[in-house]
Amino acid sequence: MAKLSTDELLEAFKEMTLIELSEFVKQFEDTFNVTAAAPVAVAAAGAPAGGGAAEVEEQDEFDVILESAGDKKIQVIKEVRALTSLGLKEAKDLVDGAPKPVLEKVDKAAADKAKEALEGAGATVTLK
């Protein structure tokens, strides 16, 4: 079998349905005895408001919240798909249901990159 480049593999994955991709991941995990941990979409509870001399820590996990899609909804859907593993319908539903989280508990660099990409497509985004 010819060796495929990363770009060729990504193009092949883009052509797959979510079910096909899920089956591929399961077979990959079994073949290589690894686990592909997917990000879990869970509503994060806010930190308790503590009084007293609590030490202030710099936030290291961010949620990227899509506030609105703006005028270029199709471009925003494309960016959501590029940032997540969502299919077309799921990404469209997320954009239509804004405000909703696109990414949760990601580092500052990933959050800033996602915000920049979504805003470049015309969306309104906040980081929490």
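If you're wondering where the values come from, they're calculated on a predicted model, not measured in any experiment.
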Donor-acceptor pairs under 3.5 angstrom involving side-chain atoms of residues 75-84: please list them, not counting sequence neighbours.
from: Thr84; atom 1: OG1; to: Val80; atom 2: O; distance (Å): 2.7
from: Thr84; atom 1: OG1; to: Leu86; atom 2: N; distance (Å): 3.2

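- With Asp63 contributing its side chain and Lys128 its backbone, the two residues share no donor-acceptor pair below 3.5 Å.
- Asp30 CG: more than 12 foreign heavy atoms inside a 6.0 Å radius.
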Using atom types as modelled, flag every donor-acceptor pair under 3.5 Å from a side chain in residues 87-96 to any protein atom, sequence neighbours excluded.
from: Lys89; atom 1: NZ; to: Asp93; atom 2: OD2; distance (Å): 3.1
from: Glu90; atom 1: OE1; to: Gly87; atom 2: N; distance (Å): 3.3
from: Lys92; atom 1: NZ; to: Asp96; atom 2: OD2; distance (Å): 2.7
from: Asp96; atom 1: OD1; to: Lys73; atom 2: NZ; distance (Å): 2.7

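- One distance of note links CZ of Phe24 with CD of Glu29; it measures 10.0 Å at 0.5 Å rounding.
- Taking every heavy atom of both residues into account, Glu15 and Glu20 meet most closely at O-OE1, 4.4 Å.
- Atom CD of Glu116 is surrounded by 12 or fewer heavy atoms from other residues, nucleotides or ligands within 6.0 Å.
- Expressed to the nearest 0.5 Å, how far CG of Leu66 lies from OG1 of Thr126 amounts to 9.0 Å.
- Scored by the side chain to side chain donor-acceptor pair (under 3.5 Å) test, Ser22 finds no partners at all (sequence neighbours excluded).
- To the nearest 0.5 Å, the span separating CD on Glu67 from CD1 on Ile65 amounts to 7.0 Å.
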Evaluate the criterion salt bridge (Lys or Arg N to Asp or Glu O under 4.0 Å) for residue pair Glu23 and Lys26; output intermediate values, then yes/no.
CA-CA 5 Å; Glu23 290 170 356; Lys26 286 179 186 174; over 6 Å; no
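- Distance CD/Gln27 to CZ/Phe32: 9.5 Å, rounded to 0.5 Å.
- In this structure, Glu119 has no side chain to side chain donor-acceptor pair (under 3.5 Å) partners at least two apart in sequence or on a different chain.
- Interatomic distance, Asp107 CG to Phe62 CZ, rounded to the nearest 0.5 Å: 9.0 Å.
- We find the CG-CG distance between Leu9 and Leu4 to be 5.0 Å, quoted to the nearest 0.5 Å.
- Judged as a side chain to side chain donor-acceptor pair (under 3.5 Å), and not counting sequence neighbours, Ser85 has no contacts.
- Every residue two or more places apart in sequence or in another chain was checked for a side chain to side chain donor-acceptor pair (under 3.5 Å) with Lys115, and none qualifies.
- Atom CG of Leu18 sits in a crowded spot, with more than 12 heavy atoms from other residues, nucleotides or ligands closer than 6.0 Å.
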